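We count ligands from 1, going down the list as the structure has it; atoms in each ligand are counted the same way. Since the model is a prediction, treat every value here as computed from it, not as a measurement.
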Amino acid sequence: MGHYSGADDKKYNENLKKRIEELKKERNAVIIVHNYQRDEVQDIADITGDSLGLSKAALKIDADVIVFCGVHFMAETAYILNPKKTVLLPVKEAGCPMADMITPEALRQMKKKHPGVPAVCYVNTSAAIKAESDICCTSRNAVEIVRSLKEKQVIFVPDKNLGLYVQSEVPDKEIIIWQGFCPTHIRVLPDQILAVKKLHLNAEFIAHPECNPGILRLADHVTSTGGMIEYVKKSKKKDFIIGTEMGMLYKLKKDNPGKRFFLPTDNLICANMKLTTLGWIAHSLELMVYKVQVPENIRKKAQKSVERMLAVSGEKKWVSISGT
Ligand code: 13P
Ligand code: SF4
């Protein structure tokens, strides 16, 4: 009996990549990949990016099929913006625990308690929450979105850390915050940051706004995953401490061979993001599974909240909150 080796893994992946290429042509598909995905999945991407970048990309896609390598809310957002396309999520269990921390009923109750206060939802939410909200935001544009609202009070769901970060940047508003959180980002602890800073005295610390406020206070720069890529590219520094999911390091290292990247802890991993493999992508294109769809009445309302966000971020003509 022969033994199994790393060379077999390599060959297996090469065969899968070839098969995915064939299937992409057959199905007229594009592969969209979030920055936290496995290295080998990032390698076969037509487009990689953060939630905002991928939403914008989804708007412009000509292909018939979008294979979304990320988590459910991201594929759902692509469908919300592009309902004529077939949107596939290769692993149907790939969800975002933070997105599941708020229900439409809870948001309705919050709105009832604060009549007339606009509701801003993070893109890490279900279509039903987007449909209940006035405007959506991502980690890249949350501050800009909240600032764009004329009201003094704003409801913000579901991420308490992003909400608190926005509050610190927009002190003239009162932000009423839901208490959701990302189970990956809350693992970063201040002592870990201080310890890595001690080891790399000249390193800049870049944090994702889903980290706790105590972590963000230690950061030199706070931004989305796509924002991190741009920031590092422009920075003259050589060393960076990265406060977000470890998948980020792949592209950062690839784009910046002369720079060094350090994680504060090796448990910065989003298990849901890592579920998608080359095998599941081939399976997805082979069987055309798992189709992500949203009932049309909810989709239309959710689309308004996402399009309002894109309008503020300069992507489309402004659509007012009153819907006119
Ligand atoms: P980005 O929009 O920054 O890519 O973030 C998505 C996300 O889920 C972060 O945990
Ligand atoms: Fe959700 Fe956190 Fe994973 Fe992002 S990293 S998809 S917020 S669980």
Side-chain angles (χ1 to χ4, degrees), residues 32-38 41-42 45 47-58 68-78 81 89-102 120-126 129-130 136-145 156-163 165-166 178-188 206-212 215-216 219 221-232 242-252 263-265 267-276 292 306 309-310 313 315:
I32 293 195
V33 175
H34 185 263
N35 291 324
Y36 294 161
Q37 290 284 295
R38 291 168 182 271
V41 173
Q42 295 193 36
I47 301 163
T48 53
D50 64 5
S51 307
L52 181 63
L54 297 180
S55 296
K56 286 182 174 181
F68 211 114
C69 304
V71 289
H72 187 268
F73 77 82
M74 296 179 171
E76 202 176 56
T77 307
L81 290 170
L89 183 68
V91 180
K92 68 170 179 298
E93 293 82 8
C96 168
M98 184 212 284
D100 296 335
M101 288 180 191
I102 182 149
V120 179
C121 69
Y122 190 21
V123 69
N124 297 38
T125 46
S126 66
I129 294 291
K130 291 184 177 80
C136 184
C137 73
T138 73
S139 54
R140 191 189 276 235
N141 62 19
V143 170
E144 187 188 4
I145 297 295
F156 192 93
V157 298
D159 186 9
K160 63 175 178 183
N161 289 330
L162 181 59
Y165 172 66
V166 173
W178 187 257
Q179 295 297 303
F181 59 89
C182 165
T184 302
H185 286 84
I186 59 150
R187 290 181 199 150
V188 189
I206 312 175
H208 195 280
E210 287 176 16
C211 295
N212 290 324
I215 298 296
L216 299 185
H221 190 58
V222 176
T223 188
S224 70
T225 62
M228 290 182 184
I229 291 168
E230 285 170 22
Y231 185 83
V232 167
I242 302 297
T244 196
E245 211 274 349
M246 61 197 306
M248 242 354 264
L249 262 57
Y250 183 62
K251 189 164 169 57
L252 287 172
L263 285 169
T265 156
N267 69 5
L268 261 176
I269 184 156
C270 173
N272 286 279
M273 282 283 180
K274 300 299 191 249
L275 289 172
T276 309
V292 175
V306 179
M309 167 187 84
L310 293 173
S313 310
E315 193 59 21

Using 0.5 Å steps for rounding, measure from the [atom1] atom of [X] to the [atom2] atom of [Y].
{"X": "Leu81", "Y": "Glu76", "atom1": "CG", "atom2": "CD", "answer": "11.0 Å"}
{"X": "Leu89", "Y": "Cys69", "atom1": "CG", "atom2": "SG", "answer": "8.5 Å"}
{"X": "Leu216", "Y": "Cys211", "atom1": "CG", "atom2": "SG", "answer": "6.0 Å"}
{"X": "Ile102", "Y": "Asp159", "atom1": "CD1", "atom2": "CG", "answer": "11.5 Å"}

**Prompt:** Asn124: heavy atom below 4.0 Å from ligand 2, yes or no?
**Reply:** yes
**Asked** With a 4.0 Å cut-off on heavy atoms, is Glu210 touching ligand 2?
**Response** yes
Give a yes/no on ligand 1: does [X] have at least one heavy atom closer than 4.0 angstrom to it?
{"X": "Ser139", "value": "yes"}
{"X": "His208", "value": "yes"}
{"X": "His185", "value": "yes"}
{"X": "His34", "value": "yes"}
{"X": "Asn35", "value": "no"}

Heavy-atom contacts with [X] under 4.0 Å: which atoms of ligand 1 show up? List them by number with element.
{"X": "Asp50", "value": "1 (P), 2 (O), 4 (O)"}
{"X": "Tyr36", "value": "7 (C), 9 (C), 10 (O)"}
{"X": "Asn124", "value": "7 (C), 8 (O)"}
{"X": "Ser224", "value": "3 (O)"}
{"X": "Ser51", "value": "1 (P), 2 (O), 4 (O), 5 (O), 6 (C)"}

[X] N/O under 3.5 Å from ligand 1 N/O:
{"X": "Thr225", "answer": "yes"}
{"X": "Thr138", "answer": "no"}
{"X": "Glu210", "answer": "yes"}

Of the protein's non-hydrogen atoms, which lies at the shortest distance from [atom], and what is that distance?
{"atom": "atom 3 (Fe) of ligand 2", "value": "Cys270 SG, 2.4 Å"}
{"atom": "atom 1 (Fe) of ligand 2", "value": "Cys96 SG, 2.4 Å"}
{"atom": "atom 2 (Fe) of ligand 2", "value": "Cys182 SG, 2.3 Å"}
{"atom": "atom 8 (S) of ligand 2", "value": "Pro97 CD, 3.4 Å"}

**Message:** If you apply the rule salt bridge (charged side-chain N to carboxylate O under 4.0 Å, His left out), what do you find for Glu210 with Lys160, and how did you get there?
**Reply:** CA-CA 8 Å; Glu210 287 176 16; Lys160 63 175 178 183; over 6 Å; no
**Request:** Determine the sole option in Thr225, Asn272, Thr244, Asp50 for which the side chain to side chain donor-acceptor pair (under 3.5 Å) test with Tyr36 is passed.
**Result:** Thr244
**Message:** Checking side chain to side chain donor-acceptor pair (under 3.5 Å) between Glu245 and each of His185, His34, Lys274, which is the one that passes?
**Reply:** Lys274
**Prompt:** Aromatic rings Tyr231 and His221: how do their planes relate, parallel, tilted or perpendicular, breaks at 30° and 60°?
**Reply:** parallel
**Asked** Which pair of non-hydrogen atoms, one from Arg38 and one from Thr276, has the smallest distance, and what is that distance?
**Response** CD-O, 3.1 Å
Look only at the side chain of [X] and the backbone of [Y], and say whether a donor-acceptor pair between them is shorter than 3.5 Å.
{"X": "Glu93", "Y": "Leu275", "value": "no"}
{"X": "Trp178", "Y": "Gly163", "value": "no"}
{"X": "Thr125", "Y": "Cys121", "value": "no"}

